[in-house]
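Comments concern the structure below.
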There are 2 protein chains.
Amino acid sequence: MSYSNTRVLLASRPVGLPKPENLTIETVEIPPLTAGQVLVKTSLISLDPAMRGWMNEGKSYAPPIGIGEVFRALAAGQVVESQHPAFAVGDYVTGVLGAQQYVLREGDAAQDPANPAYLLKVDTSLAPLETYLATLGMPGMTAYFGLLDTGQPQPGNTVVVSGAAGAVGSVVGQIAKLKGCRVVGIAGDQAKVEYCVKELGFDACINYKTEDVAAALRTACPKGIDVYFDNVGGDILDTVLLQINLKARIVICGAISQYNNTAPAKGPANYMMLLVNRARMEGILVGDNAARFGDAAREMAGWLREGKLTSPKVQTEHGIENFLPTLNKLFSGENFGKLVLAP
Amino acid sequence: MSYSNTRVLLASRPVGLPKPENLTIETVEIPPLTAGQVLVKTSLISLDPAMRGWMNEGKSYAPPIGIGEVFRALAAGQVVESQHPAFAVGDYVTGVLGAQQYVLREGDAAQDPANPAYLLKVDTSLAPLETYLATLGMPGMTAYFGLLDTGQPQPGNTVVVSGAAGAVGSVVGQIAKLKGCRVVGIAGDQAKVEYCVKELGFDACINYKTEDVAAALRTACPKGIDVYFDNVGGDILDTVLLQINLKARIVICGAISQYNNTAPAKGPANYMMLLVNRARMEGILVGDNAARFGDAAREMAGWLREGKLTSPKVQTEHGIENFLPTLNKLFSGENFGKLVLAP
């Protein structure tokens, strides 16, 4: 059988918000499989804030996407042809499949967790496929290790999380509740705010677009802030810094408010509150904990089964040609929960 | 005997650099001692960057100096009269004596380390009095605990310290050398730069006023920066952030470049390098380690005796009426090493 693969390439590096001219969408034919190869059809492409950073040149934790290369993307898919004994037609897998409809892999490389071509088999009888891109995937692992290892929440602590209704934030807040903390979210619209409080069990959630965040935090965090899990940076980080407690932990997971800046980024002007409070600000990267993903996934799967943890809402868009407008919903805040694209 | 005490009071809170109208200098008579009291004549007043913060209103690690109160200052002095058995005329002491020529204390309170009136007896046969305001005092303790506990220097690490020729920075760099690190200082004039390299044994020192700091750091730190001990904040902090290594530790000890800002402070715009490098920025305060000062002082006194550690240069100014111009030398960088005032 022959397959047409429509895929998204990076054509140029954006200044500010990514635009259509920064991408090329093209259709190519997949060549017939040779011995040892496996072909995966992409079911769901994960849209993640980190993608914006990968479009830039310069030193970062991952190399930039090369010009003319397939746009890097985590995704979930299903094996449709295989000439490698480790993969059978019908297997569900996740991996860095890229923003494309199909991906051809060498089966040997795809078996090696240290290889970028790695394909992780997932069991859709335990959880729906999209969960492996959310709670049991990169966002869930980010929340789990970032909160527990770096945030070190103690029972009775107050934990604040921004991007609270998102794929990472919603898990952070729920795990903090499981650890006996008071949890206060920050989100950008009223439906998200209500979701965090009513469906996820947060103690409070602040709408940063309509409320005075400083005043709302003072009300919601009468004992101050012990842990802040930051997904947004900018003014919200600065506002939180003024209300941290002694020995507070600030987990720097992202700064989505700054990713499309054309002016120099705004640094946290109140960072000297770290000195006043002998507090710590620390960056995290999910991949550092790869060796422990299995254990974390088992614990989180248990929480999901027992109803102690609710998977984020999933918002599914359709059509590979809609890759860019879908990506940009992350920056406008139009997404709600985990944003995926069925290509 | 009667004593006239000339002293400095805080008259108003400065905007920007402190000015004469922010202070009152007055002379009062010391009343005759009553039972249990002790009178100390101030020999040397310590000038420290933290004093600028104490002049401001608002939440900090220490309450602000009240309007009309004696200006808070660490100092060293000698007992000139005593009606308390624990203190004898001639005893040398350090403590928060204030910016004044004499201070009258209740002997019981002065024996309690937890009391702000505490007077610590020091032995001038082991080290000169000024050393108890420098290496064996607050700046030395700040360097010792900030570098070792928070910076966690490992043999072979590259340690960068700003304010390198100062009372804190000079000790930080020397301890880092003792721990087997490559040490690079940053200072504001050529004499300081040469002092750090030739007298203190730093591997390199950068003059931030005449050199391109980013380029000079790249040359001086070919393996990147593992520990940055920051006394200055501002542009230098931002420049260092772009050259930190994976898991780097940034010790926030001060931000003297920002203390007299009238505009909002400049936050570190490159703080997302903390995420890129999974690095940590943490504030320190020397007083948190008070229970361990004795042990640290014994270890540092040993290094001083063995010639492994050189006390900072001491710059002594004279006359209590010169308190303000002396303080302001800290902010213009006109001081060299430990700045004290003989009142």
Side-chain angles (χ1 to χ4, degrees), chain A residues 49-50 53 56 58-62 142 145-146 149-150 224 230-235 237-238 241-259 261 263-289, chain B residues 49-50 53 56 58-62 142 145-146 149-150 224 230-235 237-238 241-259 261 263-289:
Chain A
N56 294 336
K59 180 181 175 183
S60 188
Y61 59 88
T142 301
F145 290 104
D149 281 8
T150 305
D230 189 23
N231 290 305
V232 304
D235 291 336
L237 172 55
D238 251 335
L241 278 167
L242 291 177
Q243 298 189 37
I244 58 174
N245 286 338
L246 206 67
K247 298 281 178 188
R249 288 81 67 195
I250 298 176
V251 183
I252 301 294
C253 177
I256 201 167
S257 72
Q258 305 295 304
Y259 291 169
N261 275 358
K266 181 179 163 353
N270 298 326
Y271 83 102
M272 284 299 283
M273 295 303 287
L274 296 178
L275 187 152
V276 169
N277 295 293
R278 288 80 96 191
R280 177 159 55 80
M281 181 183 284
E282 186 165 352
I284 59 161
L285 195 68
V286 62
D288 293 345
N289 304 291
Chain B
N56 294 335
K59 180 182 176 182
S60 189
Y61 60 88
T142 301
F145 290 104
D149 281 8
T150 306
D230 189 22
N231 290 305
V232 303
D235 290 335
L237 172 56
D238 251 335
L241 279 167
L242 291 178
Q243 298 189 35
I244 58 174
N245 287 335
L246 206 67
K247 298 281 178 189
R249 288 80 68 198
I250 298 175
V251 183
I252 301 294
C253 176
I256 201 169
S257 72
Q258 306 295 304
Y259 290 170
N261 275 359
K266 180 178 163 355
N270 298 325
Y271 84 103
M272 282 299 282
M273 295 304 286
L274 297 178
L275 186 152
V276 169
N277 295 294
R278 289 80 98 192
R280 177 159 54 79
M281 180 182 284
E282 186 164 351
I284 60 161
L285 195 68
V286 61
D288 292 345
N289 303 292

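Labels below follow one simple rule: chain letters A, B, ... track the order of the sequence lines, proteins then strands, and each chain is numbered from 1.
- Neither the backbone nor the side chain of B:Asn261 comes within less than 4.5 Å of any heavy atom of chain A.
- A:Asp238 does not touch chain B: none of its heavy atoms, backbone or side chain, sits under 4.5 Å away.
- Contacts between A:Asp288 and chain B at a heavy-atom distance below 4.5 Å involve the side chain alone, from C-beta outward.
- For A:Ile284, the part sitting under 4.5 Å from any heavy atom of chain B is the backbone (N, CA, C, O) and nothing else.
- Rounded to the nearest 0.5 angstrom, A:Ile250 CD1 and B:Tyr271 OH are separated by 10.0 Å.
- With a 4.5 angstrom heavy-atom cutoff, A:Met272 touches chain B only via side-chain atoms.
- In this structure, NZ in B:Lys247 is found 6.0 Å from CD in A:Glu282, a value given to the nearest 0.5 Å.
- Distance CE/B:Met281 to CD1/A:Ile252: 9.0 Å, rounded to 0.5 Å.
- The most heavy-atom pairs under 4.5 Å with chain B, out of A:Arg278, A:Gln258, A:Met273, come from A:Arg278.
- Between chain A and the options B:Leu274, B:Leu275, B:Asn270, B:Leu246, the largest number of non-hydrogen pairs under 4.5 Å is found for B:Leu275.
- Heavy atoms of B:Leu237 lying under 4.5 Å from chain A belong exclusively to its side chain.
- Interface remark: of the candidates B:Gly53, B:Ala62, B:Gly254, B:Gly254 forms the most heavy-atom pairs closer than 4.5 Å to chain A.
- For a residue to count as touching a neighbouring chain, one of its non-hydrogen atoms must lie under 4.5 Å from one of that chain's; by this rule A:Ala255 touches chain B with backbone and side chain alike.
- In terms of heavy-atom pairs under 4.5 Å with chain A, the best-connected choice from B:Ser60, B:Cys253, B:Gly267 is B:Gly267.
- Among B:Thr150, B:Val276, B:Val251, the residue making the largest number of heavy-atom pairs under 4.5 Å with chain A is B:Val276.
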